[in-house]
Protein chains: 2
Amino acid sequence: MSELRSSASYSGESLLYLTDEQLRQGIEAMFFAYRGFTADPDRILSDLSYGRAHHRAIHFINRAPGTTVNNLLSILGVTKQSLNRVLRTLIEDGLVESRVGQVDKRERHLHLTEKGAALEARLSDAQRARMRAAYRAAGPEAVAGFRQVLEAMMDTELRRAHVRLRDAGQ
Amino acid sequence: MSELRSSASYSGESLLYLTDEQLRQGIEAMFFAYRGFTADPDRILSDLSYGRAHHRAIHFINRAPGTTVNNLLSILGVTKQSLNRVLRTLIEDGLVESRVGQVDKRERHLHLTEKGAALEARLSDAQRARMRAAYRAAGPEAVAGFRQVLEAMMDTELRRAHVRLRDAGQ
DNA sequence: TTGGAATGTCAACAAGGCTGACGTAAGCTG
DNA sequence: CAGCTTACGTCAGCCTTGTTGACATTCCAA
């Protein structure tokens, strides 16, 4: 149970990237990179006494303006109670507007206010700047590979959500 | 402030991957992929009433046996009080052993017990399985690119920690 | 040898997850 | 129309995991 295992199959040296050690390095890289990925927005948010949860809500409301609460819920993968706490403070602070649905009045459609859009831009700019630097440093082929591996790492359900947003964007 | 911006410079069509839209897709891919990345260990852990913090501690203790609390702290990027709570439960549950330093008695050196190593293997296997599937689906060149972008996304300080672990591993 | 620095522990608090229960309004269906 | 379902909000309470502050122990250097 605790002796060295190697579940990678070595059918030639071309599979070096599938050794347990390589996979472990990939896992650690993912861990450290994610920290970097969130570091800049986290700094901005903590000054405003918001957290990552607020960022996520703002991001996806910006991305899909007019989205319903339920829709946002399924994208974020949290409970409505959890989202509601965050959403309430954003609405109180005048960053998000919640409009009763025209056709189905049970629904609330979420939009960023100007103030909300301004914060979104600030967070987004910071995060994109880091992303852009990483992309530039690694080059186009690396970026294509990066995206491929990320896609393959998602759960199918999340991949669908991602694709839907991607196609909506352009 | 809220009109469309494009901070990417278009010096040829080969830089398409640096448009704001492309960067945004990368950001979202990172977000969704990280969810997948942690999903399998999370499931295992919740059955044992442990959390992601326990996983991280176990992972890095396994990776660098005999590491000190302070060392682990700098890798995990949390406060010592936060780590200590997690560490305490792991020690109580007999997964981790804390040995007083021989040369400097202020230090505690951390090791996994057999039980701890068994859990580590279980978590690690699950996470590697997903990683392996993603790597296999994307192929070797994509994996190389993936790693390059992740490296470039880390803070320099974290990159150093990552490299140190990588080189220690092999 | 004594005062400061380093290491680790205990206590208390906050953010943000979770479940469960419940209320209200609106839509849908027999 | 009556009754079920859906969408949303909210209250209460819990857990994990982050934080700061206070403190004990140990080491080292002036």
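Below, read A as the first sequence line, B as the second, and so on, with proteins coming before strands; counting in each chain starts at 1. On a predicted model such as this, the values are computed, not experimentally measured, just so you know.
When each of dG17(C), dC8(D), dC11(D) is scored by its nearest atom to the side-chain atoms of Arg88(A), the top-ranked nucleotide is dC11(D).
Contact between the side-chain N/O atoms of Arg56(A) and the OP1/OP2 oxygens of dG17(C) is found at a separation under 4.0 Å. In terms of phosphate contacts, Arg85(A) brings no side-chain nitrogen or oxygen within less than 4.0 Å of OP1 or OP2 of dG17(C). Distances shown here put a side-chain N or O of Asn70(A) below 4.0 Å from the OP1 or OP2 atom of dC8(D). The side chain of Thr79(A) places an N or O atom within less than 4.0 Å of a non-bridging phosphate oxygen (OP1 or OP2) of dC18(C). A sub-4.0 Å separation between OP1 or OP2 of dA15(C) and a side-chain N or O of His54(A) is absent. An OP1 or OP2 oxygen of dG9(D) is reached within less than 4.0 angstrom by a side-chain nitrogen or oxygen of Asn84(A).
Between Phe31(B) and Phe60(A), a ring centre-to-centre spacing shorter than 6.0 Å is recorded.
Leu48(A) places its CG atom 19 Å from the P atom of dA14(C), with the value rounded to the nearest Å. In this structure, CG of Leu72(B) is placed 14 Å from P of dT17(D), rounded to the nearest angstrom. To the nearest angstrom, P of dC18(C) lies 16 Å from CG of Leu45(B). As a whole-Å value, the separation of Asn71(A) CG from dA7(D) C1' is 13 Å. For the pair Asp104(B) CG and dA6(C) C1', the interatomic distance rounds to 8 Å; values are reported in whole Å. Taking atom CZ of Arg52(A) as the reference point, atom P of dG18(D) lies 10 Å away to the nearest angstrom. Rounded to an integer number of Å, the gap from Leu83(B) CG to dT16(D) C1' is 14 Å. Distance Leu76(B) CG to dG18(D) P: 8 Å, rounded to the nearest Å.
Judged by atom type and distance alone, Lys80(A) reaches the base of dG9(D) through a side-chain donor-acceptor pair under 3.5 Å. For Gln81(A) and dG13(D), a side-chain-to-base donor-acceptor distance below 3.5 Å is absent, hydrogens and geometry of angles not being considered.
Contact record, Leu150(B) with Gly26(A): CD1-O, 4.5 Å, taken as the closest heavy-atom pair.
Backbone-only contact: Val103(A) has heavy atoms under 4.0 Å from sugar-phosphate atoms and none from a base. Residue-level contact check: Gly77(B) touches neither bases nor backbone, having no heavy atom under 4.0 Å from any strand.
When the nearest nucleotides of DNA chain C are assigned to Tyr50(A) and Lys105(A) by heavy-atom distance, the more 5′-ward of the two goes with Tyr50(A). Between Gly101(B) and Ser49(B), the residue anchored closer to the 5' end of DNA chain D is Ser49(B), taking for each the nucleotide with the nearest heavy atom. Closest-nucleotide positions on DNA chain C for Arg106(A) and Ala53(A) were compared, and the one nearer the 5' end corresponds to Ala53(A).
Look at Arg63(B) and Glu21(A) and you find a salt bridge, because one of the NZ, NE, NH1 or NH2 atoms lies within 4.0 Å of a carboxylate O, short of that distance. Salt-bridge formation is detected for the pair Asp20(B)/Arg132(A): a Lys NZ or Arg NE/NH1/NH2 atom is positioned less than 4.0 Å from an Asp or Glu carboxylate oxygen. By the 4.0 Å N-to-carboxylate-O rule, Asp42(A) lies close enough to Arg52(A) to be salt-bridged with it.
A donor-acceptor pair under 3.5 Å links the side-chain atoms of Thr19(A) to the main chain of Gln22(A), judged by distance alone.
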